[in-house]
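Here's the structure, in structure tokens; my notes come after.
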Amino acid sequence: MTQESPFTALPTRVDLAELDRRIIEWWQVNDVFARSLARTADGPAWVFYEGPPTANGSPGTHHVEARVFKDVFPRFKTMKGYSVPRRAGWDCHGLPVELAVEKELGLNGKPDIEKMGVAEFNALCRESVLRHVGEFEQLTERMGYWIDLAHPYRTMSPEYIDSVWWSLQRIFADGRLSEDYRVAPYCTRCGTTLSDHEVAQGYENATDPSVYVRFPLLEPLAGHENVELLIWTTTPWTLVSNTAVAVHPDVTYVVARTEQGTFVVAEPLLAAVLGDKAQMLATVSGAELAGLHYRRPFDLVEIPDAHVVVLADYVTTVDGTGLVHQAPAFGAEDLVVCRANNLPVVNPVALNGRFLDNVPLVGGVFFKDADAILVEDLRRQGLLFRYETYEHPYPHCWRCHTPLMYYAQLSWYIRTTTVVDALQRENERTNWYPEHVKHGRYGDWLDNNIDWALSRTRYWGTPLPLWRCESSHITAIGSRAELGLLTGTDLSDLDPHRPYIDEITFACPDCGGTATRVPEVIDAWYDSGAMPFAALGYPHLPGSEEVFASTYPAQYICEAIDQTRGWFYTLMAVGTLVFDRSAYENVVCLGHIMAEDGRKMSKHLGNILAPIPLMDAHGADALRWFMACSGSPWSQRLVGPGPLNEIVRKILMTYWNTASFLTLYASHTQWAPETANAAEHRPILDRWVLAEVHALTRAVDEKMESYDTAGAGRLLADFVDDLSNWYVRRSRQRFWEGDQDALSTLYECLDILTRLLAPFVPFITEEVWQQVIRPGHSSAPESVHLATWPHADPGLIDAVLTEQVRTARALAEAGRAARKNSNIRIRQPLGRAFISLPAGTELPQTLLDDVADELNVKRLASLDSTGAIVDISVKPNFRILGKRFGKQTQQVANSILAADPREMVEQLRSVGETKISFDGAEIALGPDEVVVTELPRTGWVVESQRGVTIALDTEITPELAAEGTARDVVRVVQQARRDTNLDVADRIALTVAAPENVLAAVRAHQGFVAHETLATSVTLVDSLDEGFVGTVGEAVPITVGVAKR
RNA sequence: GGGCGUAUAGCUCAGUCGGUUAGAGCGCGUCCCUGAUAAGGACGAGGCCCCAGGUUCAAGUCCUGGUACGCCCA
């Protein structure tokens, strides 16, 4: 045992964070990631796109989630032989970056930025992005996310911008990029529109008027004169620019008379608006109202060809009157409706939120302040039907708390509505995980697609590559080179950002007039949607066309659910607009990670979990396992130290200690994997665990191919438990004896298990690979991540054996329960036990021996052979009977319960079927159609579960008692050995001091005691001054001395 | 207001094709076992499988409607 072994015993304890750091360095030194890519470079391509994170702040624990999934599947596919290039990317542009810089500098909106200068501001934005990229890189490395960080794409690079321009030029050429009004929440003080995100954090309660206004019709309706439309609004100031009234085409409207007049309201709202006493004169559909003209309440601004009833599907009858006043400059839906009806967009409010000075009555008045003046005027005119106030949340500017105004400004749009059919077609051929997103959240979004408002009146973004001359000719530019041709200068060194790009002018190709760039930049989401080709500099950079052809579309992308309207959409939309094909085939859509208290992580709540400290506390593997395998990745999950500790203890440490166990014994014996018997000639337990590990391989592969990491994780965790707590535990003795088959079997299981676990937990598996697998096979790849994915050997999978061991373990479990009930400790041997198995099940003797050993029982025998009086019960097996008897199942079941069980069982056992009378006839039942249970009546300690029954004979003879005592003594000595920190192979001189009856028991089993404790001598004495104290039997104190030899 | 999702033990979650005694882990209590283990095992307490209808011989599971929570949108 002292000869050279290639194995060194692994420590049983391990500092996982320290292990992580060591492995990260080893990977770097040995260039393992690049070599893993090189290994499969010639394999079939499996393309993954990294969705670029916006580097506008420090990464949080939720960033780890998607990055785990972006790592696990590429690693899995790489092991399977696919070529999976992975390139990092950074989303550099956009409002979030600008806001972060504004905040750092204490700036307050656009005027401040203009004051400091766009050049300097954008330089700071660039600097901020690069700074935060560094933090993402640290996280990426720390968590073991393998992606090429050295050659990332950046959406702010000139080559990237060239590509984006090229694609926009194409979209423009297709007539799908044009300018139109857009209504957006706008802060009149800061002079800027706000993004949805900003609006969401700025809701404050406001008290607004709620007014019902009469709009007299200029023509009769359904034969009635002087009919008035009733509309409801909470923004009276928008009535100045009233352009139309919208009704729903399918809603029924009533013409009803009250003391106040004759009105039109939606039928469902009649009572709420006009009360119970209104007299119904007529009903008309919304469609019939269309085209009627009315007199508007304020004649303050010119609005030609308007003031007509139009149709709109968005009108509801939930509140108001079912007739909605339209002011297209101040409502997104109003704008859509009015444009569809070719109505003008008239805006009497200036950018500072005040009515234009030339407007009568409210000229120069702030829009909110105009409400009171206008309501008073309505009252004066007799048009105010009802006036109330109500409190509701209203969006305010998060910076300055000014109420926001929904406000129409000219904006550039991509006409995505013209390609909706193509988008839906592409969605149909996309595999979504989970599936419901496809026709749920995402499909719904496509069904309600609206044009993409592309432009932003901001600074730090890809400039919109459109130049407009004095005659309003638009020229779309596809690259800096092309721009250079028009200007006649070399622009290859131009930073294509504002403000430099704004200085470039050229002669309009149409008319020769001076063309200057439109001022806007584009939505940063377009940048990321252009990533599949822009990252390559396609089509400008040499070689980009070839690479693009082989990497488009991607097989796999993955982000969290919030990207349905973000990257998932922009990627598909840009791809479809430019190439008529979506950019991805399979998309995994993750739920959100929440703090342990179930709330969103936020600085405000103080429940932020920083990812790197979390990994330093539990190891990166634990966090990775949590993200990939805990709960359902599609639903939101709570992360915290609790679940991570559990993963470490139950999965990682159990796995680790199984590996440690192998090295412990492999290093103590002369063993090499090739010295074992072929698998089919090994003992049954070996064949069982090999069958399990190959079945596992097959099942895990299936789960992974369907993107089910949680399912794969459950299978892997179950196997880790089976391997450690059944195979190893039942095989201890053989390992101690250096059994070649046992060592080989465990080695083979660990080899496969390590490779199956590698994509999930790359650190600990690497360590096990280095310390356990490589020493056993000189030809093993240098890293587990250079190894191949295992494939299942169907010849080793054995469903019968799997079932037999399951039954044996059920017996052991029942036996332990019986032990517990009898209050007899397991160290106390018992003479015999009787068992009963489900019909048709037989166990090989070796498995029965295992059960006997596990339960410390001398002999197992069949329950039938006892001659004891056994109670037999027969129950219907509904699953089988239901299929056969359908509606009569219940009656057949009653007949079975009414029949004599003993007779049925005898028939089943002798002729394989039993007959019962049913409905006047006899029907035959097979063994699988009933469930038989037998229980001894008295005199035994019995336990019955999971279809098996075990009965213990609890008589303890003096011989059995002595043996039990001897085992207790062994137990005390083992504890003493451990307390003395003896090696498992150290020999000892043993001294035992105990009462005479205990000494007698030791004497009777001296060989056993010596063997078990590696004692080369055993001395029995009355008392001992120094030694380890323990108890045997019924709390009898003894003292033992162990001296190392 | 709309869309989507979720709802099972104190907590975190499984639950296959619908099958009649609904499981695991954690936590708590009492024990047991241990010559790898940060482990393992037994027992106990703890369940209106959110509610109401429906389909079915049979519903935690399928359908409809509601409630609560979450996300997205308005």
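Sequence lines set the chain letters: A, B, ... in the order given, protein chains first and strands last, and positions in each chain run from 1. Quick caveat: nothing in here was measured; it's all calculated off a predicted structure.
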Distance-only donor-acceptor test, [X] side-chain atoms vs [N] base atoms, 3.5 Å:
X         : N      : answer
Ser724(A) : A36(B) : yes
Arg729(A) : U34(B) : no
Arg441(A) : C71(B) : yes

Of all the choices, [options], which nucleotide is nearest to the side chain of [X] once you look at every atom?
X         : options                : result
Arg732(A) : A36(B), C72(B), G15(B) : A36(B)
His436(A) : U34(B), A39(B), G5(B)  : G5(B)
Asp444(A) : G19(B), G3(B), U34(B)  : G3(B)
Thr889(A) : G5(B), C57(B), A36(B)  : C57(B)
Arg714(A) : C4(B), C71(B), G15(B)  : G15(B)

[X] near the nucleic acid: base, sugar-phosphate alone, or nothing, with a heavy-atom cut-off under 4.0 Å?
X         : value
Val14(A)  : base
Ser630(A) : nothing
Arg649(A) : sugar-phosphate
Arg565(A) : sugar-phosphate
Val892(A) : nothing

message = Check the phosphate of A36(B) against Tyr665(A), side-chain N and O only, distance under 4.0 Å to OP1 or OP2. Yes or no?
response = yes
ask   = Given A24(B), is OP1 or OP2 found less than 4.0 Å from the side-chain N or O atoms of Lys650(A)?
value = no
task = Classify the angle between the aromatic ring planes of Tyr569(A) and Trp445(A) as parallel (below 30°), tilted (30 to 60°) or perpendicular (above 60°).
result = perpendicular
request  = Quick one: sort the Tyr407(A) and Phe330(A) rings into parallel, tilted or perpendicular, breaks at 30° and 60°.
outcome  = tilted
[N] [atom2] sits how many Å from [X] [atom1], rounded?
X         : N      : atom1 : atom2 : answer
Trp726(A) : U34(B) : CH2   : P     : 15 Å
His62(A)  : C71(B) : NE2   : P     : 14 Å
Ile896(A) : U20(B) : CD1   : P     : 14 Å
Gln563(A) : C73(B) : CD    : P     : 11 Å
Leu723(A) : U37(B) : CG    : P     : 16 Å
Leu644(A) : C11(B) : CG    : P     : 20 Å
Tyr442(A) : G2(B)  : OH    : P     : 25 Å
Asp447(A) : C4(B)  : CG    : C1'   : 13 Å

Nearest-Å distance once atom [atom1] is located in both [N] and [M]:
N      : M      : atom1 : result
G23(B) : G60(B) : C1'   : 12 Å
A58(B) : U20(B) : P     : 14 Å
G40(B) : U34(B) : C1'   : 8 Å
G15(B) : A59(B) : C1'   : 14 Å
C71(B) : G53(B) : C1'   : 29 Å
C69(B) : C63(B) : C1'   : 23 Å
U16(B) : A52(B) : P     : 23 Å
A45(B) : C11(B) : C1'   : 16 Å

query = Does the side chain of Thr430(A) come within less than 4.5 Å of Met572(A)'s, by heavy atoms?
reply =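 Counting from C-beta outward, Met572(A) and Thr430(A) do come under 4.5 Å.
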Side-chain heavy-atom pair Ile988(A), Thr1016(A) within 4.5 angstrom cut-off =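 No, every pair of side-chain atoms sits at 4.5 Å or beyond.
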All N/O pairs under 3.5 Å across the protein-nucleotides 61-66 of chain B interface:
none

task = Find which nucleotide of RNA chain B each of Thr564(A) and Val437(A) is nearest to by heavy atoms, and output the residue with the more 5' nucleotide.
result =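 Residue closer to the 5' terminus by nearest nucleotide: Val437(A).
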query = Taking the nucleotide of RNA chain B with the closest heavy atom to each, which residue, Glu646(A) or His439(A), is nearer the 5' end?
reply = His439(A)
ask   = Are Tyr186(A) and Tyr406(A) close enough that their ring centres sit under 6.0 Å apart?
value = no
query = With no hydrogens and no angle check, do the side chains of Trp232(A) and Ser210(A) hold a donor and an acceptor under 3.5 Å apart?
reply = yes
inquiry  = Is it true that Asp721(A) and Trp726(A) share a donor-acceptor pair across their side chains at a distance under 3.5 Å?
reply    =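 Judged by distance alone, the side chains do not pair up.
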Given Leu652(A), Ile764(A), Asn657(A), Leu19(A), the one that forms side-chain contact (heavy atoms from CB on, under 4.5 Å) with Val14(A) =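 Per the side-chain contact (heavy atoms from CB on, under 4.5 Å) rule, the option paired with Val14(A) is Leu19(A), out of Leu652(A), Ile764(A), Asn657(A), Leu19(A).
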inquiry  = For His618(A), run the side-chain contact (heavy atoms from CB on, under 4.5 Å) check against Ile647(A), Asn645(A), Leu16(A), Leu623(A) and tell me which one passes.
reply    =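 The option that passes is Asn645(A).
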Look through every strand shown and name the nucleotide pairing with [N] as Watson-Crick or G-U wobble, where both distances are under 3.5 Å.
N      : value
U16(B) : none
A9(B)  : none
C31(B) : G41(B)
C71(B) : G3(B)
G53(B) : C63(B)
U21(B) : none

ask   = Looking at Leu753(A) and Tyr655(A), what are the two nearest heavy atoms and their distance?
value =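 Between these two residues, the closest heavy atoms are CD2-CD1, 3.7 Å.
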ask   = CD of Gln891(A): more than 12 outside heavy atoms within 6.0 angstrom?
value = yes
